[in-house]
Structures are given as structure tokens and as C-alpha cells.
Amino acid sequence: MHSLPPHVRAVIEDKLGAARSVRAVGGGDVSSAARIETLAGRVFAKWGRGAAGQTYAAEADGLAALRALASDELVVPEPIAVANSTGEMPGWLVLEWIEPGHATEADWKRFGRALAQLHQREAPGEGAYGWAEDNWIGSKPQRNGWVADWPTFFGQQRLLAQAETVRQRGAWNAAWDRPLNALMNRLPDILPAHPHPALLHGDLWAGNALATADGRFALIDPAVHVGHAESDIAMTELFGGFASAFYAGYREVAGPRDADQIEIYQLFHLINHLTHGPGYAGAVARSLSRWP
């Protein structure tokens, strides 16, 4: 059987009975992961040290928030056990298993409508934008807190904060400081000051939306916060995008969008990916060149 850390096995077996089989599965870039057959059924577990090991509690918090607002048309796995790493002890996250499937055009369209309906529900935060606790986007820290207007939150806690993170990791070009500051000054004219405060997945690319065996879609690995719904949709169009039927379904509920906003929301994710390799630098430079 696949190697499962003894303390993770102990947690699972304490809650669900003996682990009869363990099979490695993809768990992302920085975690080990497995599908585990227990006496109570299948579960998914991932574990890791370092930055990955510090993300699991925030991920479970985000999944719980999405579960609280999502309709039955969306699948959000339920956290079963979670702990962040301490010292040499890996952290872990155990979730209910989601059986994968193959989406039809109708499934994609239903997913789009369901996500739009989630975005239209009343999110926590009493009308402010952000989240009560800082969390993570992938293995990078994501700064939150509550801010009264959306352009200030997105500018300070997303664009500037993420530029500083990648700067500290040696992936930021100092020549981008001036156009980024120019964009910051223009954000109140481009982004809505008080859009409907939607609960956002926050990292909604194709790898974090899984087609399930029953024709629905599952949301995983969130970087939740409250904000403008269109920032979630802008992310879906990066890195391969979603099927066109998804957007048709989403627009049936949510209506039209603004192209300048799309580019700004995508810029955050491009900045975040600068540490993944030099290929993203050109896209960041081109986007920033619009705001000299």
C-alpha cells in the first residue's frame, strides 16, 4: 500500500475504522495525497510539511464556508479531519471522496448557473470585502481582513500584497512598480466600489473544479474571500478556461461583464504565478503597460 504517515492513518482509523487500502492520487504541487478505503467508505487525504503543511486549516475553513452557501447543484467536499504541521510533524486534511466523472455540455451549463446562484447569495462579512483570517492561494499567503470598499481591498490586499510576496521571492521586476502604482490610482474608476459581496472560491481554475460521476461539479482547494463575483469568473478563463456552456449558464443568471475588470482580476493571478517560471513575466508586463 501507498505510504501513509502513521499519525494520519491513526486519525483516519479513529474516525472511520481500519484503512483497508491506500492508493496514491494527485494532490497538487506541494502535497502528497491518497484515496483511502476505510470501513466507513472512501476518503481523500493529503499531507505535507513546510508551506503546504500550514495551509490545511484555512482550506478546511474555506470549504466549510462554501458548503454553507452552495446549493445541491454544487459538490463541496466535507472536511473530516484537519491539522496544520507542527515542527517535523506533517499537517493533513481528510475530506470525503468525490467520485470523478465526465461532464456533458448540459453539466457545464448547470455548473455555470449554480455558481452564479452561489455568488448571488448573502456572504458573511456584513457587506464588507475580504475574510476574517488570512489564508492561502496555493502555497502563497493571501492577505485578508475586512475592508469597506472593493477597489481598496483588491488593490491593497491582492495586487500590492501579491506583488510584494513575489518580490520577496525574487520574481518581481522593479520596473513594474510605476505602472502598478498608476493602476492602483485608477482602480476606483474601473472596479465597482460596492458590488454585491459574493462568497468567492478565489482560485477557480480548471484544476479546482472537478466533474463528478453524478453530473455535477465539485469545488476544491479554495482561497475564499468575499468580493466581486466577476473576479472568480476572470480566473476561470486563464490556464485553459472552462467549456463555453459554463459561461452561457453563468450569464443567464449574472448578466454582462466589463473587459477592463477582467484584465485587472486576471493580473492578480498572473502576478501570483510569476514564481512558477519566467513565462508569466511577459503577460504581467503587457497587462501593466496599459496603466503607464
Side-chain angles (χ1 to χ4, degrees), residues 62 65-66 68-70 74 111-135 137 142-164 179-205 209 219 222-238 241-242 246-272 283-284 286-292:
L66 289 168
L69 288 190
L74 290 173
F111 175 33
R113 288 196 296 261
L115 185 67
Q117 290 162 0
L118 170 64
H119 284 160
Q120 290 182 341
R121 293 185 172 169
E122 202 65 37
E126 299 183 354
Y129 304 98
W131 199 242
E133 303 290 340
D134 291 351
N135 49 24
I137 182 163
Q142 179 166 268
R143 190 185 304 165
N144 288 309
W146 294 111
V147 178
D149 72 278
W150 174 244
T152 298
F153 174 83
F154 191 80
Q156 296 289 335
Q157 307 296 73
R158 290 296 176 266
L159 292 178
L160 286 184
Q162 209 63 10
E164 184 56 32
L180 180 60
N181 289 332
L183 173 58
M184 290 290 298
N185 291 332
R186 295 182 60 179
L187 284 183
D189 299 323
I190 300 170
L191 302 183
H194 299 101
H196 172 75
L199 180 64
L200 306 179
H201 178 283
D203 194 14
L204 194 55
W205 68 290
L219 301 178
V224 297
H225 56 287
V226 175
H228 187 199
E230 292 298 336
S231 64
D232 252 0
I233 304 307
M235 176 54 164
T236 69
E237 295 172 315
L238 290 171
F242 287 10
F246 165 83
Y247 300 102
Y250 191 90
R251 291 297 149 203
E252 282 183 5
V253 177
R257 57 200 305 217
D258 182 291
D260 282 345
Q261 294 172 6
I262 297 168
E263 183 170 0
I264 290 169
Y265 293 145
Q266 290 179 343
L267 175 60
F268 163 69
H269 294 289
L270 293 171
I271 290 172
N272 181 48
V284 170
R286 285 190 295 274
S287 183
L288 286 172
S289 70
R290 293 194 54 200
W291 325 101

Give a yes or no answer on whether the side chain of [X] reaches the backbone of [Y] with a donor-acceptor pair at less than 3.5 Å.
| X | Y | result |
| --- | --- | --- |
| D149 | A193 | no |
| Q266 | M235 | no |
| H196 | A198 | no |
| D134 | N144 | yes |
| Q162 | F268 | no |

- Exceeds 12 heavy-atom contacts within 6.0 angstrom, atom CD of Q120: yes
- Decide, yes or no, whether a salt bridge links E230 with R251 under the criterion of side-chain N to carboxylate O below 4.0 Å. yes
- Message: What I want to find out is whether R257 reaches E237 closely enough, with some N-O distance under 4.0 Å, to be called a salt bridge.
- Response: yes
- Query: Can you find a side-chain donor-acceptor pair between N135 and R143 that sits under 3.5 Å?
  - Reply: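 Their side chains do not contain a donor-acceptor pair, so the 3.5 Å distance test is not met.
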- Item | No-hydrogen, no-angle side-chain donor-acceptor test under 3.5 Å, D232 and H119 |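 Short answer, yes.
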- Note on the structure: Those residues at least two apart in sequence (or on a different chain) that pass ring pair (Phe, Tyr, Trp, His ring centres under 6.0 Å) with Y129 are W150
- Task: Please report the shortest heavy-atom distance between A123 and V226, naming the atom on each side.
- Result: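 So the minimum-distance heavy-atom pair works out to CB-CG2, 3.8 Å.
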- Hey, do the aromatic rings of H228 and F154 have their centres closer than 6.0 Å?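 No, too far apart.
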- Item | salt bridge (charged side-chain N to carboxylate O under 4.0 Å, His left out) involving D258 - partner list, sequence neighbours excluded |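 Partners of D258 under the salt bridge (charged side-chain N to carboxylate O under 4.0 Å, His left out) test: none.
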